[in-house]
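Working notes for the structure below.
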Amino acid sequence: MADTLKIAPSILSADFSRLGEEVKAIDAAGCDYVHIDVMDGHFVPNLTFGPPVIKCIRPHTKKVFDVHLMINPAQPSLKEYADAGADIITVHAEADADIKKSLAMIRSFGKKAGLSVKPGTSEAVIEGVIDLVDLVLVMTVEPGFGGQSFMADQVEKIRSLRAMIGDRPIDLEVDGGISTETIKTVVDAGANVLVAGSAVFKGDDYAATIGALRQAAG
Ligand code: DX5
Ligand code: ZN
């Protein structure tokens, strides 16, 4: 698994006053995806940024833009995120009523479609749409804020989703509380894309932190 491991720093913990430079810095530091947390102050109790900011940082890197939409409804603005430069667009299973339509819309824009589950949501919601997704995102904190503690009780969900995915070419991403202490547990359970916000941005040497995360993943 380690050779296919992808590290996705979340710019939620970056310095927003220097977002373009921060994106360049994590690119140079060897990240795989750039994880972009979009929050609406309604689906989650925090507000971040939307398509205009994503469009502004797009020219700063060629890395995959992994856009995590914590907004409800998401469907009306999916095209705006696609046009802003997202490569993967992930919606929450708890948001729009017609998940199948949201996923089909994302793919119709030529983008990869992701589906995320909050800690209290069963993996069963993924089962009926597994062939409509390119990525499944398991939240290991309650969405809304960086720097929270990893919820170990979500590890079984990761394991069961890896079994459900089987040999389909679907990324299994884990988001929340990932550090050198927690990364091995989720990789062993089957995750291959690891979001790390505070773990990466709290230090000055992003390359060293990303390297340490890869090493700790085993
Ligand atoms: C939380 C966000 C996460 C967050 C992770 O709602 O989806 O991506 O930035 O931050 P850390 O890695 O600090 O838990
Ligand atoms: Zn996220």
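In this chain, residues are counted from 1 in sequence order. Ligands are counted one by one from 1 in listed order, and the atoms in each one are counted from 1 as well. Everything quoted here is computed from the prediction, not taken from an experiment.
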Would the distance check show the side chain of [X] and the main-chain N or O of [Y] forming a donor-acceptor pair, the cut-off being under 3.5 Å?
X	Y	value
Ser179	Ala199	no
Arg168	Met164	yes
Thr180	Leu213	no
Arg107	Gly110	no
Glu94	Lys118	yes

Contacting atoms of ligand 1, where contact means under 4.0 angstrom from a heavy atom of [X]:
X	answer
Ser198	11 (P), 12 (O), 13 (O)
Ser10	8 (O), 9 (O)
His68	7 (O)
Pro143	6 (O)
Val195	8 (O)
His35	8 (O)
Asp175	2 (C), 3 (C), 4 (C), 5 (C), 7 (O), 8 (O)
Gly146	10 (O), 13 (O)

Quick one: pull up CD1 in Ile71 and CG in Asp37 and give me the separation to the nearest 0.5 Å.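 Rounded to the nearest 0.5 Å, the CD1-CG separation comes to 12.0 Å.
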Give yes if a backbone or side-chain nitrogen or oxygen of [X] is under 3.5 Å from a nitrogen or oxygen of ligand 1, and no if not.
X	result
Gly177	yes
Gly176	no
Asp37	yes
Ala199	no
Gly144	yes

So, 4.0 Å and heavy atoms of Phe150: is ligand 1 close enough to count as a contact?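 Under 4.0 Å: no for Phe150.
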Please confirm whether Glu142 comes under 4.0 Å of ligand 1, counting heavy atoms of the residue only.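 No heavy atom of Glu142 comes that close to ligand 1.
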Can you tell me if CG on Asp204 sees more than 12 non-hydrogen neighbours from other groups inside 6.0 Å?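 Not buried by this count: 12 neighbours or fewer within 6.0 Å.
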Between Asp27 and Lys24, is the closest basic N to carboxylate O distance under 4.0 Å?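 So Lys24 does not pair with Asp27 through a salt bridge.
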Salt bridge or not between Arg214 and Asp32? Use side-chain N to carboxylate O under 4.0 Å.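 The answer is yes: the pair qualifies as a salt bridge.
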Provide the tally of protein N/O/S atoms nearer than 2.8 Å to the Zn ion (ligand 2).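 There are 4 of them.
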Beyond-backbone contact of Ser102 with Leu78, side-chain heavy atoms, under 4.5 angstrom: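 A side-chain contact exists here, since the closest heavy-atom pair is under 4.5 Å.
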Looking just at side-chain N and O atoms, do Asp40 and Asn72 make a donor-acceptor pair shorter than 3.5 Å?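 Side-chain D/A pair, Asp40 to Asn72: absent.
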With under 30° as parallel and over 60° as perpendicular, where do the rings of Phe201 and Tyr206 fit, or are they tilted in between?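 Aromatic pair Phe201/Tyr206 classed perpendicular.
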Under 6.0 Å between ring centres: does that hold for Phe16 and Phe49?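 Between Phe16 and Phe49, the centre distance is under 6.0 Å.
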Looking at Tyr81, I'd like to know if the NZ or CZ of Lys55 sits under 6.0 Å from its six-membered ring centre while staying within 45 degrees of the ring's axis.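 No cation-pi geometry.
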Among all protein non-hydrogen atoms, which one is nearest to atom 12 (O) of ligand 1, and what is the separation to 0.1 Å?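 The closest heavy atom on the protein side is Gly197 N, 2.8 Å.
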